[in-house]
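All remarks here apply to the structure that follows.
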Amino acid sequence: MTQLPLSADLIAEANARHAEALDEDYDALGRKLARTGIDIDAVLGRVASFSVAVPSWGAGRGGTRFAKFPIPGEPTNIHEKLEDCAVINQLSRVTPRVSPHFPWDKVSDFAALREEAAALGLGWDAVNSNTFQDQPGQAHTYANGSLSAQDTATRQQAVEHNIECIEIGQQLGSTDLTVWVGDGTNFPGQQDFARSLDRYLDAASQVYAALPDDWRMLLEHKMFEPAFYSTVISDWGSSILAAQELGPKAKCLVDLGHHAPNVNIEQIVARLHRFGKLGGFHFNDSKYGDDDLDSGSINPHQLFLVFNELVEAELNPRDGFNPSYMIDQSHNVTDPIESMLSSAEAITGCFAKALLVDRDALHAAQESNDTMMAFQALRRAYSIDVAPILAKARVAAGGAIDVLEAYRLSQYRARKAQERKAVGLGAGIV
Ligand code: LRH
Ligand code: MN
């Protein structure tokens, strides 16, 4: 029996203020779209079945190497993080899964954790391993790498940790393992590029061999940080070659913040899909480096163009089409719940806009080299305000028309500040 953190009456009261205006806006948009042959209810149906997972580590305040500024009432363990993720899903109705990170979310009873999440209306997405930090009492340090480490015992330790994450994930009902390694160098000559990649491939193949039949291994590339001269899996090229080397259950995960500024990420998405290796996403936004800012907050047009490629990809499946959609952000200056509500809206909005692209007009213009009309086919869809469709989908599922207003009316954070112990000052991501 689900026991959700916010009262349904509060959401209903908040919605009552906006219901009439929403109906007007939805009907007006419906008439506008019908003029171009689009059935708004069909789009609503697609939006209603869309979802994106939230990162457990995003429920707390994030920080940089310089500092982290906790807020009163922020979660201090996985149980409180699940409660906050349930608030996000209760209001948005598009975030029914949590992507956990180990050992940050380790508990003694994962079957109980699975039930606890289910009671909050939540399931589990990809599990994330962590061989980029040393844990107390750990036998071998990851200071010189993990899956690509020169030291055999260190690589073995990293392999065993990833296999443990798979076993935990099986108890939670997950079917994906996300493997991001920060392995790399800060100095030219520090490591041999070929030998370190070969060590990575050898170790990763042992993790791959431990995957259950219905599981996937999602390789997450990243250009730099924590290494600042070279990174073993630094770009989509290294990632797809490694995934092809490992086997059909190995796919590539695209974290939007893991590329140099101005890289054409939507083209990378098209390439990975073309070769049947598009496994998933970590949605966020950035202006400079791996800033982990709120999705769509800096470059919403890029997020739209990524979803435009995803809608095209779904129409042309290659080895199926089942990318895992997940948020991966660091909330350094906002209430994490508000940031993930806003980000879920931005992500779902870009998916909805991509559904509104007149693909016949686009393809005809592309085939006839009518550049302007090809661009306009995308721009027309991008310029449509899809908010009424997103709000209708939420209300139909029991969510809020204005998610941030309803969240603030709930006084949830203030209540948690009374209940939860304060988080100490610190630095870093969690
Ligand atoms: C690395 C990364 C990875 C996670 C970590 C929290 O930058 O994107 O996905 O493990 O952030
Ligand atoms: Mn990531």
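Counting convention: from 1, in listed order, for ligands and their atoms alike. All values below come from the heavy atoms of this structure, side chains included, with hydrogens, waters and symmetry mates left out.
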With ring centroids as reference points, do [X] and [Y] lie under 6.0 angstrom apart?
| X | Y | answer |
| --- | --- | --- |
| F110 | F102 | yes |
| F228 | F187 | no |
| H221 | W236 | no |
| Y142 | F132 | no |
| H282 | H258 | no |

Original post:
Which is closest to atom 4 (C) of ligand 1 by heavy-atom distance: H258, M326, H101?
Top reply: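 Residue with the shortest heavy-atom distance to the ligand atom: H101.
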
Subset of ligand 1 atoms that lie under 4.0 Å from at least one heavy atom of [X]:
| X | answer |
| --- | --- |
| D255 | 8 (O) |
| E220 | 2 (C), 3 (C), 8 (O), 9 (O) |
| D290 | 7 (O) |
| W180 | 1 (C), 3 (C), 10 (O) |
| W57 | 6 (C) |

If you measure every N/O of [X] against every N/O of ligand 1, is any gap under 3.5 Å?
| X | value |
| --- | --- |
| K222 | yes |
| W104 | no |
| N128 | no |
| D292 | no |
| H282 | yes |

**OP:** With heavy atoms only and a cut-off of under 4.0 Å, state how E225 meets ligand 1: side chain, backbone, both or neither.
**Re:**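 Neither; nothing of E225 gets under 4.0 Å from ligand 1.
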
Subject >> Part of T178 within contact of ligand 1 (heavy atoms, under 4.0 Å) >> reply: neither

Original post:
Of D285, L256, N308, which is the lone residue that meets side-chain contact (heavy atoms from CB on, under 4.5 Å) with L303?
Top reply: L256

Original post:
Looking at D183, L197, L241, which one forms a side-chain contact (heavy atoms from CB on, under 4.5 Å) with I233?
Top reply: L197

Subject >> Non-neighbouring partners of K222 that pass salt bridge (Lys or Arg N to Asp or Glu O under 4.0 Å), sequence neighbours left out >> reply: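 Listed in chain order: E225, D290.
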
Original post:
Has the side chain of T95 got a donor or acceptor atom that lies under 3.5 Å from a matching backbone atom of N89?
Top reply: yes

Original post:
Sequence neighbours excluded, which residues qualify as side chain to side chain donor-acceptor pair (under 3.5 Å) partners of D105?
Top reply: S56

Original post:
Tell me the salt bridge (charged side-chain N to carboxylate O under 4.0 Å, His left out) pairs involving residues 108-129, sequence neighbours left out?
Top reply: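 Every pair satisfying salt bridge (charged side-chain N to carboxylate O under 4.0 Å, His left out) with a residue in residues 108-129: R97-D125.
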
**OP:** Have a look around the Mn ion (ligand 2) and list protein N/O/S atoms under 2.8 Å, or say none.
**Re:**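 Per the 2.8 Å query on the Mn ion (ligand 2), atoms found are E220 OE2, D255 OD2, H282 ND1, D328 OD2.
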
Original post:
Of all heavy-atom pairs between D192 and S196, which one has the smallest distance, and what is that distance?
Top reply: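 Shortest heavy-atom separation between D192 and S196 comes out as O-OG, 2.8 Å.
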
